[in-house]
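Please read these numbers as outputs of a predicted model, since none were measured by experiment.
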Amino acid sequence: TVDEKKFVPGITANSPVGTVGLLNGVEGMVVELNGTNVVIATKNVGATTIDGGAGSENIDDASCYGTLVDKMALSIYDESAFGGAGWRLPTVDELTALSGNMEWNSDRHGVEWKVTKESTLYMPAAGAKVMNPMANPPITFGDVGNMGYYWSSLDDTHIFVFGEKEKSLNRYSPLNTSIKYYYRIRAFHDMPTVPTE
């Protein structure tokens, strides 16, 4: 959960790990990955609730899961897609480091990382959406509440996959270009380089 007492109006270069605040219009949390501080958004792109909302196995009750995104139709350089300037997809190294800190939470149907004693980052296991024009029905959902799939910035084939018994960075290769796979986006942002007063 996000401790609102730790919320600051804006994240700056001096903001310590665990700080929650706004950066270019998006709420994020300062974390340390591979010895470097970065900011991770506290919600998925398109999500209707901030971290802290419980996950769900019910597809119709997945308001905290956020939008499922077909990355192949999305420019990773389109900052507006992530809500503000400078927000981006995480690198493979960042996702690998992140996965080493996450623990599965069965009650919340997702993974949590206790960033500090007061601040926890949560990523729901929202499953996947598949659109196959040759199938009936053409749109299906799978692994909702059981598995999480998040896009990385390395080409169109690397995703961060996690579940109760799995946390890994997988290479995903679509077998058929007519089939679209929709996963999550959790935006990252580099720390500001100039402190603000």
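- Taking 4.5 Å as the limit, every side-chain heavy atom of T36 sits out of range of all side-chain heavy atoms of E94.
- Summarising the geometry of P16 relative to T19, their closest heavy-atom pair is O-OG1, 2.7 Å, with the distance given to 0.1 Å.
- To the nearest 0.5 Å, atoms CH2 (W87) and CG (L89) are separated by 12.0 Å.
- Across every non-hydrogen atom of G10 and S15, the tightest pair is O-OG, 4.3 Å.
- The side-chain hydrogen bond (donor to acceptor under 3.5 Å, both in side chains) check on W104 picks up S106, with sequence neighbours excluded.
- Between M29 and I40 there is no side-chain heavy-atom pair separated by less than 4.5 Å.
- The heavy-atom pair separating L23 from P192 by the smallest distance is CD1-CG, 3.9 Å.
- Qualifying side chain to side chain contact (heavy atoms under 4.5 Å, CB included) partners for N34, counting only residues two or more places apart in sequence or in other chains: D93, A97.
- Under a 3.5 Å cut-off, the side chain of S153 and the backbone N or O of P90 do form a donor-acceptor pair.
- Here the side chains of F160 and R186 are not in contact, with every heavy-atom distance at 4.5 Å or above.
- Side-chain atoms of H189 and N24, non-hydrogen and from C-beta on, do get closer than 4.5 Å to each other.
- When every heavy atom of G18 is checked against every heavy atom of S119, the shortest pair comes out as O-OG, 3.2 Å.
- Applying the side chain to side chain donor-acceptor pair (under 3.5 Å) test to pairs two or more places apart or on separate chains, those with a residue in residues 129-143 are D143-Y149.
- The shortest side-chain heavy-atom distance between V31 and W113 falls under the 4.5 Å cut-off.
- Rounding to the nearest 0.5 Å places OG1 of T116 at 7.0 Å from NZ of K114.
- Of the options V111, L121, L33, a side-chain contact (heavy atoms from CB on, under 4.5 Å) to N101 is made by L33 and by none of the others.
- Considering all non-hydrogen atoms of both residues, I11 and V8 come closest at N-CG2, 4.4 Å.
- Proximity of M102 to F162: side-chain heavy atoms (C-beta onward) are nowhere separated by under 4.5 Å.
- Under a 3.5 Å cut-off, the side chain of R108 and the backbone N or O of P124 do not form any donor-acceptor pair.
- Residues S152 and V92 share a closest heavy-atom pair of OG-CG2, 4.1 Å.
- Of the possible polar contacts, one joining the R184 side chain to the G127 backbone as a donor-acceptor pair under 3.5 Å is found.
- The only member of W151, Y150, Y181 that meets side-chain contact (heavy atoms from CB on, under 4.5 Å) when paired with I159 is W151.
- Side chains of E164 and N146 form no contact here, defined as non-hydrogen atoms less than 4.5 Å apart.
- Residues E112 and T120 have side chains that never bring a donor and an acceptor to within less than 3.5 angstrom of each other.
- Taking 4.5 Å as the limit, some side-chain heavy atom of F7 sits within range of a side-chain heavy atom of L22.
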